[in-house]
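Along the sequence shown, residues carry numbers from 1.
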Amino acid sequence: MAKGLAQKMFPREFYIDSAGTDSETTGGANFKAVSVMREWGIDLTGHLAKSITDVAIPEFDHVIAMDSNIFYYFIAQYPGMEDRTIQWQIDDPFYHPVGTYRSCAEEIVQNLKVFADRLGLSQLASNATPQSK
């Protein structure tokens, strides 16, 4: 969801990717995530999960860790990336109802707006709004 929302908010000149630290980093997006992202005009049906080991991490200008556990795991794996890694605190909605996915999406958008502002790109904030609202 974070990748889809970031791609919607930021211009195409930005390279945005998503990777996980969990051992279960294969397969498509959860059906609840697909449904909620559809509300935002984002198609996740072709999304395939991947591991951080499948991504050229040092090439990224910024990495966002969705919570403190991911942040500390990531920094242990890539200690040279600490100054480029941003820690959010967004709970994983995986075992929760679809409403939790909606709340998670809103929280991601709010954090992306803060991030865009930090980059001097606050005008991008209006790019991320659900289609159904």
Side-chain angles (χ1 to χ4, degrees):
M1 290 192 325
K3 178 182 176 181
L5 291 164
Q7 286 175 322
K8 182 172 182 166
M9 183 182 288
F10 288 88
R12 294 193 187 277
E13 298 83 46
F14 286 76
Y15 178 75
I16 298 166
D17 207 346
S18 173
T21 58
D22 194 309
S23 59
E24 187 95 17
T25 53
T26 59
N30 177 287
F31 73 95
K32 295 177 212 171
V34 171
S35 174
V36 169
M37 287 297 91
R38 191 174 299 121
E39 295 170 9
W40 288 76
I42 298 167
D43 182 8
L44 289 186
T45 56
H47 174 77
L48 291 174
K50 58 186 160 192
S51 170
I52 60 171
T53 59
D54 298 328
V55 178
I57 295 295
E59 294 179 16
F60 283 85
D61 294 325
H62 305 282
V63 172
I64 296 172
M66 299 301 277
D67 66 34
S68 59
N69 291 332
I70 294 169
F71 176 82
Y72 291 115
Y73 174 85
F74 182 81
I75 293 307
Q77 302 301 311
Y78 300 94
M81 293 291 295
E82 186 167 4
D83 63 330
R84 293 187 275 167
T85 304
I86 298 155
Q87 178 186 326
W88 290 352
Q89 194 57 47
I90 298 178
D91 293 331
D92 188 342
F94 188 75
Y95 294 105
H96 300 282
V98 72
T100 305
Y101 281 76
R102 286 187 185 101
S103 298
C104 182
E106 293 283 350
E107 201 172 345
I108 291 167
V109 167
Q110 291 309 311
N111 279 278
L112 284 170
K113 288 177 180 179
V114 170
F115 181 60
D117 193 48
R118 178 178 153 194
L119 295 176
L121 302 168
S122 57
Q123 73 278 10
L124 301 177
S126 62
N127 292 350
T129 56
Q131 288 188 340
S132 61
K133 290 187 180 178

For this session: Taking all heavy atoms of Y101 and all of M1, pick out the closest pair and write down the distance.
Result: O-CE, 3.6 Å

For this session: Would you check, one step at a time, whether the test side-chain contact (heavy atoms from CB on, under 4.5 Å) holds for M37 with H47?
Result: CA-CA 12 Å; M37 287 297 91; H47 174 77; over 6 Å; no

Exercise. To the nearest 0.5 Å, what is the distance between CZ (F71) and CD (E82)?
Worked result: 5.0 Å

Seminar exercise, completed: Between Q87 and S68, the two heavy atoms sitting closest are NE2-CB, 3.1 Å

Problem set entry | Non-hydrogen side-chain atoms of R84 and V63 separated by less than 4.5 Å | no

Exercise. In Å and rounded to the nearest 0.5 Å, what is the OG to CD1 distance from S103 to I90?
Worked result: 11.5 Å

For this session: State the CG-CG distance between N69 and D92, to the nearest 0.5 angstrom.
Result: 11.0 Å

Exercise. More than 12 heavy atoms of other residues, nucleotides or ligands under 6.0 Å from CZ of R118: is that the case?
Worked result: no

Exercise. Which class fits the ring pair F60 and Y15: parallel under 30°, tilted 30 to 60°, perpendicular over 60°?
Worked result: tilted

Problem set entry | Heavy-atom closest pair, residues I70 and A65 | CG2-CB, 3.9 Å

Exercise. Nearest heavy-atom pair of A105 and V36: which atoms, and what distance?
Worked result: CB-CG1, 4.2 Å

For this session: Starting at CZ of F74, measure out to CD1 of I64 and round the result to the nearest 0.5 Å.
Result: 11.0 Å

Exercise. Of all heavy-atom pairs between L112 and A2, which one has the smallest distance, and what is that distance?
Worked result: CD1-O, 4.5 Å

For this session: Go through L121 and F14 one step at a time and tell me if the side-chain contact (heavy atoms from CB on, under 4.5 Å) criterion holds.
Result: CA-CA 12 Å; L121 302 168; F14 286 76; 3.5 Å; yes

Exercise. Less than 4.5 Å apart, any side-chain heavy atom of H62 and any of F115?
Worked result: yes

For this session: List the atom of A19, the atom of V55, and the distance in Å for their closest heavy-atom pair.
Result: CB-CG2, 3.7 Å

Problem set entry | Exam field: side chain T100 to backbone H96, donor-acceptor pair closer than 3.5 Å | no

For this session: For residues D91 and C104, determine if any side-chain heavy atom of one lies less than 4.5 Å from a side-chain heavy atom of the other.
Result: no

Exercise. Can you find a pair of side-chain heavy atoms, one from T53 and one from Q77, that are under 4.5 Å apart?
Worked result: no

Exercise. Is any side-chain N of the basic residue among K3 and D17 closer than 4.0 Å to the acidic one's carboxylate O?
Worked result: yes

Problem set entry | Pairwise side-chain contact, L119 with F10, heavy-atom cut-off 4.5 Å (strictly under) | yes

Problem set entry | Contacts of K32 that satisfy salt bridge (charged side-chain N to carboxylate O under 4.0 Å, His left out) - sequence neighbours left out | none

Problem set entry | Separation between CD of E106 and CZ of R102, rounded to the nearest 0.5 Å | 10.5 Å

Exercise. Under 3.5 Å, side chain of N111 to main-chain N/O of E107, donor-acceptor pair present?
Worked result: yes

Exercise. Is there a side-chain contact between Y78 and I52 (heavy atoms, below 4.5 Å)?
Worked result: yes

Exercise. CG/D67 to OH/Y72 distance, rounded to the nearest 0.5 angstrom?
Worked result: 11.0 Å

